[in-house]
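The structure under discussion appears below in the form of structure tokens.
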Number of protein chains: 2
Amino acid sequence: MAGRPRDERTRSVILRRAADIASQDGLEGLSIGRLATDLGVSKSGLFGYFGSKEELQLATVRAAAAVYVEEVVQPALTVPPGLGRVRRLCENWLSYSQRRVFPGGCFFFAVNAEFDARPGRVRDAAAAASLDWTRFVARAVDDARQLGELAGDTDPDQLAFELIAFMETANAVSLLHDDPNAYERARTAIRRCLDTASTNR
Amino acid sequence: MAGRPRDERTRSVILRRAADIASQDGLEGLSIGRLATDLGVSKSGLFGYFGSKEELQLATVRAAAAVYVEEVVQPALTVPPGLGRVRRLCENWLSYSQRRVFPGGCFFFAVNAEFDARPGRVRDAAAAASLDWTRFVARAVDDARQLGELAGDTDPDQLAFELIAFMETANAVSLLHDDPNAYERARTAIRRCLDTASTNR
DNA sequence: CCTACCGATCGGTAGG
DNA sequence: CCTACCGATCGGTAGG
């Protein structure tokens, strides 16, 4: 029977490795045989944990979301709502990407680009995670606005779009051109963007 | 013998279709057998045009770059250097993405994300094309600066990074969430960004 | 959770 | 430029 503590630990080790592979080679490039060999178990043994490749992919997305929440979202909640939390959120994201928590950079950047033009449950799961994150950033921006730290006419969705654009492009450029400078570019852009919208200039 | 007019036309039809597939399913998801079936030719016949999958991938990148130049770069050269050309470049890019010149959105966004964490000739070709584009945008920005239409202390590389971030994120968001609003977000951000750097406020 | 296998598809080749 | 094939690998299953 599934669900025993031992199984859960094994499952979590499998999924953490799956997310690492997928960040580099995509969720289609992640093959059950390769993952099994990597982990030193039989292919059918590993297969039994998930039942299909699609279920493995979906479980990997959920596992990566948990890492993302732990690395980026949770530590920002220790900062009180307001501009400080927005800044912290951005810095956490850039650090998560730059430290290569996943070896291929942000897991969701890779998987969103892979599935953005195909239908299916994996795409739906990735899109839902992306929407959660976008809304979370927009909410943090709106909190700062309501607290009077950002101008009253600030559009939270628009500002969230711009901040996320800088972060994701830093991830993309740093990977493709092996250029850590991209993170400083993003930090500069985010600083300027928030300063412009700030009431405390 | 290769290189006859007939062959060149066939080759170009093959590569245009290859780029369409790759924009949706990636250059690894592009299989020789599937491409051959799609085009109604034999797999080995098609294979003969390229000699290996990697050569097909590289030829596809070159073909997509030609489309990109024709759709985005060339029509911007009809506008004289300066802020107008920068705006035109951005608008051409957004239109190229929004019109789905490639059905999976910007070919290079998809392929760059697919290969950004793997070594090889395909990655190198994608990175080179990306660098060409980034430099072209930065050059257009610097022209506008030297013409006095952008502030003298404008950093062309920084501004190019920001403009490209808005464009690529519009592409990504519009695909993943089927949300054409993302393009208006990018247009708003680009307008504000250029207005802020402009000397004609 | 293992070995051993299934049919399908992959990139690539032989031979004409 | 075709048919027919190669070994390798894919997702998935049978049987224990």
Side-chain angles (χ1 to χ4, degrees), chain A residues 1-22 24-61 111 114-115 118-123 125, chain B residues 1-22 24-61 111 114-115 118-123 125:
Chain A
M1 194 207 246
R4 287 169 304 188
R6 185 74 216 283
D7 284 0
E8 286 306 310
R9 270 205 307 279
T10 306
R11 218 182 119 95
S12 129
V13 168
I14 293 170
L15 291 174
R16 188 53 240 244
R17 181 92 191 92
D20 279 356
I21 292 172
Q24 295 175 295
D25 297 330
L27 276 170
E28 291 296 346
L30 171 72
S31 89
I32 298 168
R34 177 188 165 189
L35 182 56
T37 305
D38 263 35
L39 294 164
V41 298
S42 75
K43 198 179 74 165
S44 74
L46 191 148
F47 186 87
Y49 276 90
F50 307 100
S52 75
K53 174 155 186 186
E54 191 179 47
E55 287 299 334
L56 167 63
Q57 292 174 322
L58 291 167
T60 302
V61 170
V111 168
E114 185 181 8
F115 285 87
R118 325 180 194 179
R121 297 170 68 205
V122 176
R123 174 223 169 90
Chain B
M1 195 205 247
R4 287 168 307 186
R6 184 74 216 284
D7 285 0
E8 286 305 311
R9 270 204 308 278
T10 307
R11 216 183 119 95
S12 128
V13 169
I14 293 170
L15 291 175
R16 188 53 238 246
R17 180 92 193 93
D20 279 355
I21 293 172
Q24 295 175 294
D25 298 330
L27 276 171
E28 291 296 347
L30 171 72
S31 89
I32 297 167
R34 176 187 165 190
L35 182 56
T37 304
D38 262 35
L39 294 165
V41 298
S42 74
K43 198 179 75 164
S44 74
L46 191 148
F47 187 87
Y49 277 88
F50 307 100
S52 75
K53 174 153 187 186
E54 191 180 45
E55 287 300 333
L56 167 62
Q57 292 173 321
L58 291 167
T60 303
V61 170
V111 167
E114 185 181 8
F115 284 88
R118 326 179 194 178
R121 296 170 68 205
V122 176
R123 174 222 169 88

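Below, chain A is the first sequence line, B the second, and so on; all start at residue 1. Note that the coordinates shown come from a computational prediction; the quantities given were computed from them, not determined experimentally.
In this entry the distance linking CD of B:Glu55 with P of C:dG12 reads 10 Å, nearest Å. Nucleotide D:dG11 holds its P atom 9 Å from the CG atom of A:Leu56, rounded to whole Å. Rounded to whole Å, atom C1' of C:dG11 lies 11 Å from atom CD of B:Gln57. Here D:dG12 presents its P atom at 18 Å from OH of A:Tyr49, a figure rounded to the nearest Å. Look at CG on B:Leu39: it is 11 Å from P on D:dC2, rounded to the nearest Å. Computed from coordinates, the A:Lys53 NZ to D:dC10 P distance equals 8 Å when rounded to whole Å. Between the C1' atom of D:dC6 and the CZ atom of B:Phe47 lies a distance of 13 Å, rounded to the nearest Å. Distance B:Ile14 CD1 to D:dC1 C1': 11 Å, rounded to the nearest Å.
Listed here is the closest heavy atom pair of A:Tyr49 and A:Arg11: O-NH1, 3.5 Å. When every heavy atom of B:Glu55 is checked against every heavy atom of B:Phe50, the shortest pair comes out as CB-O, 3.3 Å. A:Arg118 approaches B:Gln24 most closely through the heavy-atom pair NE-O, 3.7 Å. Residues B:Ile32 and B:Lys43 share a closest heavy-atom pair of CG2-CG, 3.8 Å. Closest approach of A:Glu114 and A:Leu27 over heavy atoms only: OE1-N, 2.7 Å.
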Before you tell me yes or no, could you show the steps for B:Ile21 and B:Thr60 under side chain to side chain contact (heavy atoms under 4.5 Å, CB included), namely the whole-Å CA-CA distance, both residues' side-chain angles and the distance that decides it to 0.1 Å? CA-CA 10 Å; B:Ile21 293 172; B:Thr60 303; over 6 Å; no
Evaluate side chain to side chain contact (heavy atoms under 4.5 Å, CB included) for A:Thr10 paired with A:Val41, printing each intermediate quantity in order. CA-CA 11 Å; A:Thr10 306; A:Val41 298; over 6 Å; no
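For residues 27-37 of chain B, proximity to DNA chain D is found at no residue, defined as any non-hydrogen atom under 4.0 angstrom from a strand atom.
Checking D:dT13, C:dC1, D:dC2 against every side-chain atom of A:Asp7, the shortest atom distance belongs to C:dC1. For B:Ser44, the side-chain atoms get nearest to C:dA14 when compared with the rest of D:dG12, C:dA14, C:dG11.
Judged by atom type and distance alone, A:Lys43 reaches the base of D:dG12 through a side-chain donor-acceptor pair under 3.5 Å.
Place B:Ser52 and A:Gly40 on DNA chain C by their nearest nucleotides, and A:Gly40 ends up nearer the 5' end.
Base pairing of C:dG15: its partner is D:dC2, meeting the Watson-Crick or G-U wobble criterion (both donor-acceptor distances under 3.5 Å).
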